[in-house]
Amino acid sequence: MYQILSEKNNNLTVEIPDFNPAHTFLCGQCFRWNQEDGLWIGIARGRLVKLSCNDGVCTFYNMDKREFEDIWVKYFDLETDYGSIKNILSEKDEYLRNAVLHGSGIRLLRQDFYEILFSFIISQNNNIPRIKQIIESLSKSFGKPLDRSSSLFGFPDVSSLAYASLDKLSICKGGYRCRYISESAKKLVEFPDFEDRIRSLCKVKARELLLTLPGIGPKVADCVLLYSGMDRTSFPIDRWVKRVIETLYFERETDEKTIRDFAKEYFGEFSGIAQQYLFYYARERKIGFG
DNA sequence: TTGCAGGGGTCAA
DNA sequence: TTGACCCCTGCA
C-alpha cells in the first residue's frame with residue numbers, strides 16, 4: 001500500500017497511492033495540520049511532522065524509516081487499499097462517483113483517541129477556524145512542549161484537563177464547552193482503562209459508553225469512533241451530511257435514524273469513508289446550502 | 001458602526 | 001421537541 005523509495009539526509013521519500021494532503025487534512029477530520037510555504041506541518045502523537053507530496057510521492061522531513069513504520073503507517077492508514085474502496089463506492093451511483101473523484105486523496109487518519117474525543121466536544125456548534133484556535137490554546141496552556149526548546153505543544157493529556165480549574169480552561173474561549181471538557185476529563189481519570197474498554201466492546205456498546213460522557217452526543221460519539229480508527233463503519237451525521245444525503249438521495253427532509261439506516265444499508269462497511277467523501281464534496285460544492 | 005444569524009451539537013425541561 | 005449555550009465571523 002506504500003513503498004519507501006529512499007532515505008537520505010534524514011528525509012524519507014515514500015510513494016503513497018490515493019493520498020493528497022489537502023484532501024486528507026481539509027476534509028474536517030483533524031485540526032492540527034496547516035500548510036506553510038508548500039509544506040504540510042502537523043502535530044500528532046506528540047510530535048511535529050513536516051511533509052510534502054507531489055504526484056503520489058511524499059517526503060517526510062526529519063524522519064527515519066523506523067519512526068515512519070512504527071507510527072505514521074498506522075496514523076495515515078497506509079495499510080488500507082483506498083483504490084479498491086474507491087472503485088466499490090464509485091460504482092454505487094453518479095453522486096458518489098463525483099464525490100470520490102473530488103476527494104480522491106482522502107485517507108481516514110487513525111488519530112489519538114483522547115485528542116479526538118476532546119476535539120470533537122469542542123467542535124459542537126462551532127466552526128473549523130475557531131475549533132483550531134481553541135485546540136491550539138488548550139495545547140499551549142495544558143499540553144507538553146514537543147521538545148525543550150519548542151514553542152509547540154502536544155494535545156494535553158486527560159489528567160491535565162481534569163485537574164485544571166474551569167476558570168483556567170475558560171481562557172481557551174471554548175465557552176460552554178469548557179464545562180464539558182472539564183467534566184468529561186474528570187470522569188475519564190476515574191476510568192483509566194476507558195479507551196481499552198471502548199476498544200473491547202462491540203460498536204453499539206462502545207457508542208453507548210461514549211454517550212455517558214458530558215458533551216458527547218450521537219454525532220460526537222460517531223466522530224470519536226470513526227476518526228480514532230475504532231469503527232470505520234461509523235457514520236457521523238452533521239448538518240452538512242444530513243443535507244447532502246437529503247439532497248442527493250431523498251429529495252426531502254429526512255430524520256437522522258432514516259439516514260443512519262440508509263447509510264448502513266447502502267454504504268455498508270465503507271460508511272465512514274463514504275461519509276468523508278460526501279462531506280468534503282458537499283462543503284466544497286455547497287450542496288444543499290443555497 | 002451596529003445588530004443579527006449561524007456555525008461539523010448537546011442538554012435539560 | 002425546543003431553546004439556551006460561548007464566542008466569533010460575515011454580512012447587511
Check your understanding: Taking atom NZ of A/Lys140 as the centre, does the number of heavy atoms from other residues, nucleotides or ligands within less than 6.0 Å exceed 12?
Key ->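 Check fails, neighbour count at 12 or below.
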
[X] has an atom [atom1]; how far is it from atom [atom2] of [N], in whole Å?
{"X": "A/Lys219", "N": "B/dG7", "atom1": "NZ", "atom2": "C1'", "answer": "12 Å"}
{"X": "A/Ile237", "N": "B/dG9", "atom1": "CD1", "atom2": "P", "answer": "12 Å"}
{"X": "A/Lys187", "N": "B/dT10", "atom1": "NZ", "atom2": "C1'", "answer": "14 Å"}
{"X": "A/Arg243", "N": "B/dG7", "atom1": "CZ", "atom2": "P", "answer": "7 Å"}
{"X": "A/Glu183", "N": "B/dC11", "atom1": "CD", "atom2": "C1'", "answer": "11 Å"}

Is the closest basic N to carboxylate O distance between [X] and [Y] below 4.0 Å?
{"X": "A/Glu136", "Y": "A/Arg32", "value": "yes"}
{"X": "A/Arg47", "Y": "A/Glu67", "value": "yes"}
{"X": "A/Arg197", "Y": "A/Asp193", "value": "no"}
{"X": "A/Lys186", "Y": "A/Glu190", "value": "no"}

Review point. Where does the angle between the aromatic ring planes of A/Phe250 and A/Phe262 fall among parallel (under 30°), tilted (30 to 60°) and perpendicular (over 60°)?
Key: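 Perpendicular, since the angle between the ring planes exceeds 60°.
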
Check your understanding: Angle class for the A/Phe155/A/Phe118 ring planes (parallel below 30°, perpendicular above 60°, tilted otherwise)?
Key -> parallel

Practice item. Examine distances only and state if a side-chain atom of A/Gln124 and a backbone atom of A/Val220 form a donor-acceptor pair shorter than 3.5 Å. Key: no

Does [X] reach a base, just sugar-phosphate, or nothing at all? Heavy atoms under 4.0 Å.
{"X": "A/Cys223", "value": "base"}
{"X": "A/Gln276", "value": "nothing"}
{"X": "A/Cys27", "value": "base"}

Sequence neighbours excluded and cut-off under 3.5 Å, please list the side-chain donor-acceptor pairs for residues 203-218 of chain A, or say none.
from     : atom 1 : to       : atom 2 : distance (Å)
A/Arg207 : NE     : A/Asp222 : OD1    : 2.7
A/Arg207 : NH2    : A/Asp222 : OD2    : 3.3
A/Thr212 : OG1    : A/Leu209 : O      : 2.5

Review point. Is the ring centre of A/Trp40 less than 6.0 Å from the ring centre of A/Phe25?
Key: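 A/Trp40 vs A/Phe25: aromatic centres under 6.0 Å.
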
Review point. Hey, is A/Cys172 close enough to A/Cys178 that the SGs sit under 2.5 Å?
Key: no

**Study point:** Selection: residues 224-232 of chain A, any non-hydrogen atom under 4.0 Å of DNA chain C
**Key:** none

Practice item. Under 4.0 Å from any atom of DNA chain C, heavy atoms only: list the residues of residues 202-218 of chain A that qualify, in numerical order. Key: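 Within residues 202-218 of chain A, no residue comes under 4.0 Å of DNA chain C.
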
Point to revise | B/S/- contact track for nucleotides 4-9 of chain C, protein heavy atom under 4.0 Å | key: -BBBS-

What interatomic distance, in whole Å, is found between [atom1] of [M] and the corresponding atom of [N]?
{"N": "C/dC7", "M": "B/dT1", "atom1": "P", "value": "23 Å"}
{"N": "C/dC8", "M": "B/dC11", "atom1": "C1'", "value": "22 Å"}
{"N": "B/dT2", "M": "C/dC6", "atom1": "P", "value": "25 Å"}
{"N": "C/dT9", "M": "B/dT10", "atom1": "C1'", "value": "22 Å"}
{"N": "C/dA4", "M": "B/dC4", "atom1": "P", "value": "14 Å"}

Check your understanding: Can you give the dot-bracket line for DNA chain B, using ( ) for pairs inside the strand, [ ] for pairs that cross earlier ones, | for pairs with another strand and . for unpaired bases, where Watson-Crick and G-U count if both distances are under 3.5 Å?
Key -> .||||||.|||||

Check your understanding: Looking at A/Phe235, does the NZ or CZ of A/Lys264 lie under 6.0 angstrom from its six-membered ring centre and within 45 degrees of the ring axis?
Key ->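 No, A/Lys264 does not sit over the ring of A/Phe235.
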
Review point. Is there a path of hydrophobic side-chain contacts, each under 4.5 Å between heavy atoms of I, L, V, M, F, W or Y residues, that connects A/Trp72 with A/Ile41?
Key: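 A/Trp72 does not cluster with A/Ile41.
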
Could you check whether [Y] and [X], counting side-chain N and O atoms only, form a donor-acceptor pair closer than 3.5 Å?
{"X": "A/Asp157", "Y": "A/Ser159", "value": "yes"}
{"X": "A/Glu69", "Y": "A/Tyr2", "value": "yes"}
{"X": "A/Tyr61", "Y": "A/Ser52", "value": "yes"}

Review point. In residues 259-273 of chain A, which residues come under 4.0 Å of DNA chain B by heavy atom?
Key: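 Residues of residues 259-273 of chain A that come under 4.0 Å of DNA chain B do not exist, since none gets that close.
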
Practice item. Dump the intermediate steps for side chain to side chain contact (heavy atoms under 4.5 Å, CB included) on A/Tyr277 and A/Phe267, then the final yes or no. Key: CA-CA 12 Å; A/Tyr277 291 128; A/Phe267 304 126; over 6 Å; no

